[in-house]
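Naming convention: chains lettered A, B, ... in sequence-line order (proteins, then strands); numbering from 1 in each chain. Because only heavy atoms are used, hydrogens play no part in the values below, and waters and symmetry mates are left out as well, while side chains stay in.
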2 protein chains.
Amino acid sequence: MTRLALAFDLGGTELRGALVESGGRVVTQVSAPTMAIAGSDAVIGQIIALAGDLLAQRPQADVVGIGIGAPGPLDPKAGIVIAPPTLAGWHDVPLIDILAKHFGLPVRLENDANAAALGEWRFGAGQGTGSLVFVTVSTGIGGGVVADGHIYHGRRGLAAEIGHMTITGEGDRCFCGAVGCFEAVASGTALGRRATALTAPGDGSLLRRLSGGGDVSARHVVEAARAGDISALELIEVEAKWLGIGFTNLLHLYSPGLIVMGGGLANGFDLLAPTIRATVEQRAMPAYRDVPIVPAQLGDRAGLVGAASLILWEGEPGAPLAMAQDKNSKDGPTERAAGREASHR
Amino acid sequence: MTRLALAFDLGGTELRGALVESGGRVVTQVSAPTMAIAGSDAVIGQIIALAGDLLAQRPQADVVGIGIGAPGPLDPKAGIVIAPPTLAGWHDVPLIDILAKHFGLPVRLENDANAAALGEWRFGAGQGTGSLVFVTVSTGIGGGVVADGHIYHGRRGLAAEIGHMTITGEGDRCFCGAVGCFEAVASGTALGRRATALTAPGDGSLLRRLSGGGDVSARHVVEAARAGDISALELIEVEAKWLGIGFTNLLHLYSPGLIVMGGGLANGFDLLAPTIRATVEQRAMPAYRDVPIVPAQLGDRAGLVGAASLILWEGEPGAPLAMAQDKNSKDGPTERAAGREASHR
């Protein structure tokens with residue numbers, strides 16, 4: 001019987017769950033609006049209920065563990081969700097312990113951007129690459145770095161907070177308090193803000209017609225640009241320049257073999273790509289210019305299948321990801337993991 | 001008999017060699033001006049000659065291998081120096097092969113900033129830390145990242161090119177062609193340039209008196225600031241702000257346990273530290289603010305002892321650094337390395 005993982009992608013607005021096969025195929029999927037304001041007990045109750053729904057749909061399933069992607073900051077080794085801005089009232093919640101006790105299954109936790117990076121690396125745009133940087137560009141900008149074959153965690157799992165890399169001295173103040181964060185100038189929110197400032201309700205512009213007169217979003221800009229709207233194309237150009245500056249930094253700092261762009265704005269990747277590429281060619285040192293920059297392939301499923309792979313891909317369920325690959329083979333389960341991993345490639 | 005490594009620090013202006021013990025002690029040291037303009041054969045001849053001098057001083061030495069720090073870009077695994085700007089005529093020089101054949105010893109190669117990072121991590125300011133970012137601030141800005149217990153190499157060994165991280169849209173154009181590189185605004189060169197622009201020959205300022213009327217260097221600024229000169233203190237303040245912005249990025253991106261600042265400007269670390277720290281406190285997200293930022297301890301010996309540790313610290317001499325720690329213990333030499341490493345800690 002096929003081994004399956006229960007996978008959860010815990011977002012501030014939506015909680016999604018799935019049963020996933022080791023090859024990355026989603027067998028069945030469910031979701032619910034996250035009861036974020038009701039606190040951690042309520043949301044953990046939702047996870048347990050969704051798991052029940054999934055298992056009821058596949059009563060014969062050989063479920064070997066639970067993988068979860070959740071908003072950071074979190075400590076993946078300790079299994080603790082520290083204090084995500086999007087989940088009110090979560091403070092040092094020992095999510096792994098709670099769910100492991102309830103289900104009697106191994107549980108593993110990773111921050112959502114890292115889970116999506118893992119998903120794209122193992123099953124999506126990054127297959128076969130030894131190292132990649134995954135950048136998610138939507139409301140904010142997040143990232144995950146796969147280096148030398150494993151997620152780059154850093155102290156307390158806090159590496160790759162790329163949205164708060166300073167890339168300029170201009171622009172609106174970031175919600176974090178600093179000026180010039182990558183996220184503050186290059187997120188979908190920033191693009192929408194520029195589009196809103198450029199237009200006015202009732203001005204007859206395509207952007208405002210698409211937005212129904214309200215604030216213009218990044219999605220409206222992409223849609224208007226596809227229709228050939230000049231203002232929208234200029235906004236895309238500015239957006240792509242900021243992305244190109246940030247991506248160049250990521251090349252210089254992490255030297256990945258690939259950059260994968262996901263998030264809502266990846267829907268406009270084809271429009272953004274020429275100027276992103278031109279900016280990188282202009283700013284990156286020569287040795288970095290040939291690194292491919294590609295759109296994500298898995299869309300919003302990247303996080304789910306990446307979370308599932310925490311269980312299905314590594315050896316010892318419950319062992320921290322980096323350790324599973326760093327340990328030597330005296331630890332039997334890890335040795336088995338190495339063999340299993342090879343067979344999946 | 002104590003095992004020794006031959007270590008070389010190959011700079012564009014000075015070539016230094018040493019015999020180093022496994023504990024990091026330099027037993028004997030020699031140097032020569034690098035014959036950089038004479039090409040790679042001449043410089044390799046110098047390395048061989050210096051090695052002869054060192055071995056003549058310790059004819060009984062048990063030399064187990066050769067470690068070299070050289071300017072990047074270079075490929076540490078392939079052992080090839082690619083095309084360093086400071087070494088004219090070097091193009092894809094297979095330095096490991098050439099020296100291994102000549103000496104019949106294992107040879108390992110690392111870029112100079114990474115070698116210095118290793119030195120500080122193993123024998124200097126970073127002892128006992130699992131991860132650190134080493135930043136060298138002098139003519140330019142370079143760096144090396146130790147993460148999860150090994151040097152972070154990235155594709156072709158090109159990670160941590162931190163001097164060319166864009167942090168602003170202002171300032172003079174960097175030699176690399178871009179505007180806003182960390183190096184272009186925060187290197188010792190940039191500090192000297194600002195001091196030179198602020199003063200004029202014969203204006204009676206302390207800065208110009210120290211420089212003998214010529215261009216003011218970072219060293220003069222530090223010296224004048226120590227004497228309480230107001231202009232110099234203001235220049236130090238601006239310099240420290242730029243460093244603080246760049247260091248904050250390094251915290252967000254790599255999440256190290258420690259930042260170690262080396263290079264010529266580390267001589268003024270005590271003057272710079274308060275504003276560096278204040279800038280980090282102001283700009284970094286809360287979870288990163290408590291990371292210590294400390295001056296390097298080994299000065300210009302960091303690269304030499306770090307290069308030596310490529311041979312003395314890892315197991316299998318000649319094995320790439322990262323691989324020595326990632327392989328599992330079926331590889332006998334690596335297992336021995338793990339044991340040896342533990343005994344050195």
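Annotation: the span from B:T129 atom OG1 to A:R155 atom CZ amounts to 11.0 Å, rounded to 0.5 Å. Residue B:L158 holds its CG atom at 9.5 Å from NE2 of A:H252, rounded to the nearest 0.5 Å.
The candidate from A:G154, A:G143, A:G257 with the greatest count of non-hydrogen atom pairs under 4.5 Å with chain B is A:G154. Interface check for chain A: of the options B:A160, B:S131, B:A83, B:G177, the most heavy-atom pairs under 4.5 Å are formed by B:A160. Chain B forms more heavy-atom pairs under 4.5 Å with one residue of A:G180, A:A287, A:G169 than with any other, namely A:A287. The most heavy-atom pairs under 4.5 Å with chain A, out of B:V291, B:L253, B:I245, come from B:L253. Between chain A and the residues B:T168, B:T166, B:T248, the most heavy-atom pairs under 4.5 angstrom are made by B:T166.
Interface with chain A: from residues 277-286 of chain B, residues B:R283, B:M285 qualify, criterion being any non-hydrogen pair under 4.5 Å.
Interface remark: A:P256 contributes backbone atoms only to the contact with chain B (heavy atom separation under 4.5 Å).
The minimum heavy-atom distance between B:S255 and A:A159, with the atom names listed, is CB-N, 3.4 Å. In terms of heavy-atom proximity, A:Y152 sits nearest to B:A147 at CE1-CB, 3.3 Å.
Each of B:E161, B:H164, B:M165 was compared with A:N249 under the side chain to side chain contact (heavy atoms under 4.5 Å, CB included) criterion, and only B:M165 meets it.
In this structure, A:F247 has no ring-ring contact (aromatic ring centres under 6.0 Å, His included) partners at least two apart in sequence or on a different chain.
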